[in-house]
There are 2 protein chains.
Amino acid sequence: MPKLKPDTQRARREHILDAAELCFARSGFHATSMQDICREASVSPGALYVYFSSKEDLIAGIAERNRQEFQARFAQLAQATDFFVALEAIGNAYFVEDEPHCRQICLEIGLESTRNTTVGEIHRSVDEFVGSSFETLFQRMIDDGRIRPAHSAAALARVFMVIGDGLFWRSAVDRKFDMAKTIPDVVEVIRQLLNPVEDVASRRPTKPLGEAAE
Amino acid sequence: MPKLKPDTQRARREHILDAAELCFARSGFHATSMQDICREASVSPGALYVYFSSKEDLIAGIAERNRQEFQARFAQLAQATDFFVALEAIGNAYFVEDEPHCRQICLEIGLESTRNTTVGEIHRSVDEFVGSSFETLFQRMIDDGRIRPAHSAAALARVFMVIGDGLFWRSAVDRKFDMAKTIPDVVEVIRQLLNPVEDVASRRPTKPLGEAAE
DNA sequence: CCAAAAAAAATGAGCGTTCGTTTTACTCAA
DNA sequence: TTGAGTAAAACGAACGCTCATTTTTTTTGG
């Protein structure tokens, strides 16, 4: 029965999760052994099993923490005053600021979600949150007359998710992928898709989008 | 050494690959045991090891076959008379006609390509083939004046790949994903992106694209 | 044509290893 | 001294893989 100070307990749990995340990103969930994680965390098996009752539990813990953080980022989007600015911030955080191993873990979680019930529920919950957030957001923009209602909010959200998935997959799998070069073109696709009423003009002082060098 | 009729040998190898593909799609490369595959193929371990020298070799064999088939499909695209018709055929084959486990395997191969050198080379080779095929194709269409050169062929190819990746990922990971509902909207995005000169009119007798029923 | 001999291929118990997990022995602050 | 917390050793199960043996296929002498 644990009696260590709750703060210390939580810190240690996080420490183990950090180590596990690194290992899982390096080798995948099922090619990583508990010993690997113990070594990475400088913790004995017995100690690890105080905080996680099984490997599956540890995987679920990783998924839980990762997806929660992801959801928290998106939650900000819904309250943002400027949709495009907020979206760029999220994209920048995920694709530029985050370590590569974060994207690797997201990939791992996505794949695992198709086979592991617990991870599946966590993943699906966040995915649906993101999807419905976009839909609500687009609906509001349509209602406010900020974008031309050429498509339903649901359709827009669907296509948006697909494009996001594409960037997500390629950034994780293709080491040669040049995100900086691709973003402007994708942004223009999104712009044409949303077709906002202010269109070309009036946006922040930025060079005309969609003209990637080369 | 081996003297079984070459046809029989190849057939047996294919049979084992079929079984392995099923198992790998079901549980992933590293959560599938050789025994699982032996059971699925109704073959003893010893017999399996006649055709594949190790589990890694078997994984490479799966990647090799799968990516080769994928590449063969895309090779047809380059020679097609109508780009859009050929593209639809490929999309239909992959997203509709193929069994779900094929998409699961593609996902698995993509992930494995980031960690396994052999699989990585196979995957990257095909991916680069697809990318450069698109670029060549778009360049030709620009040169022929079939699409308006608003973007470079390279930029078009990049965005195209990202959208393809998005459809690929979502179709494999999101069981609730409605491909039929999404395709028309994605097609319209592509249409706007490519901006062909004949535009709205003149295409095969089909209902106006891009209007997904809610 | 057809056994018998030779060659090839398949078998499956079992190898050594490593897995996820549990138990045991110990440390050390209270 | 005690008991919460940790480290290390050890557990049975399952892993990838091997090999002595059996079964199947092909070759061949009469």
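Letters A, B, ... mirror the listed sequences (proteins, then strands); counts begin at 1. Atoms considered below: every heavy atom in the structure, side chains included; atoms not considered: hydrogens, waters and symmetry mates.
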With a non-hydrogen cut-off below 4.0 angstrom, is B:Thr32 in contact with a base, only sugar-phosphate, or nothing? sugar-phosphate
Side chain of B:Pro45 (C-beta onward), nearest among D:dT18, C:dA9, C:dT21: D:dT18
Heavy atoms from C-beta onward define the side chain here; which of C:dT11, D:dT18, D:dA9 lies closest to that of B:Ala47? C:dT11
Using 30° and 60° as the class boundaries, would you call the ring planes of B:Phe29 and B:Phe24 parallel, tilted or perpendicular? perpendicular
Parallel, tilted or perpendicular: ring planes of B:Tyr94 versus B:Phe70, cut at 30 and 60 degrees: perpendicular
Grab the [atom1]-[atom2] distance between [X] and [N] for me, whole Å please.
{"X": "A:Phe52", "N": "C:dT22", "atom1": "CZ", "atom2": "P", "value": "16 Å"}
{"X": "B:Met34", "N": "D:dG16", "atom1": "CE", "atom2": "P", "value": "7 Å"}
{"X": "B:Gln35", "N": "C:dG14", "atom1": "CD", "atom2": "P", "value": "14 Å"}
{"X": "B:Leu48", "N": "D:dC17", "atom1": "CG", "atom2": "P", "value": "10 Å"}
{"X": "B:Ile16", "N": "C:dA9", "atom1": "CD1", "atom2": "C1'", "value": "12 Å"}
{"X": "A:Tyr51", "N": "D:dA7", "atom1": "OH", "atom2": "P", "value": "10 Å"}
{"X": "B:His30", "N": "D:dG16", "atom1": "NE2", "atom2": "P", "value": "11 Å"}
{"X": "A:Asp57", "N": "C:dG20", "atom1": "CG", "atom2": "C1'", "value": "13 Å"}

Atom CD of B:Glu56 with >12 non-hydrogen neighbours under 6.0 angstrom: no
Could you check A:Phe168 against A:Phe95 for ring pair (Phe, Tyr, Trp, His ring centres under 6.0 Å), going step by step and ending with a plain yes or no? CA-CA 8 Å; A:Phe168 153 68; A:Phe95 289 117; 8.1 Å; no
Name the residue closer to the 5' end of DNA chain C, choosing between A:Ser53 and A:Asp36 according to the nucleotide with the nearest heavy atom. A:Asp36
What are the atom names and distances for every N/O pair under 3.5 Å that joins the protein to nucleotides 26-30 of chain C?
none

Between B:Phe74 and B:Phe134, ring centroids under 6.0 Å: yes
Tell me whether the side-chain N or O atoms of B:Ser44 pair up with the base of C:dA10 as donor and acceptor below 3.5 Å, since no angle test is needed here. no
Check A:Arg146, A:Arg140, A:Gln139 against A:Asp143 for a side chain to side chain donor-acceptor pair (under 3.5 Å) and give me the one that passes. A:Gln139
If only side-chain N and O atoms count, and only distance matters, is there a donor-acceptor pair under 3.5 Å linking B:Glu112 with B:His123? no
Is B:Ser33 close enough to D:dC15 that one of its side-chain N or O atoms is under 4.0 Å from OP1 or OP2 there? yes
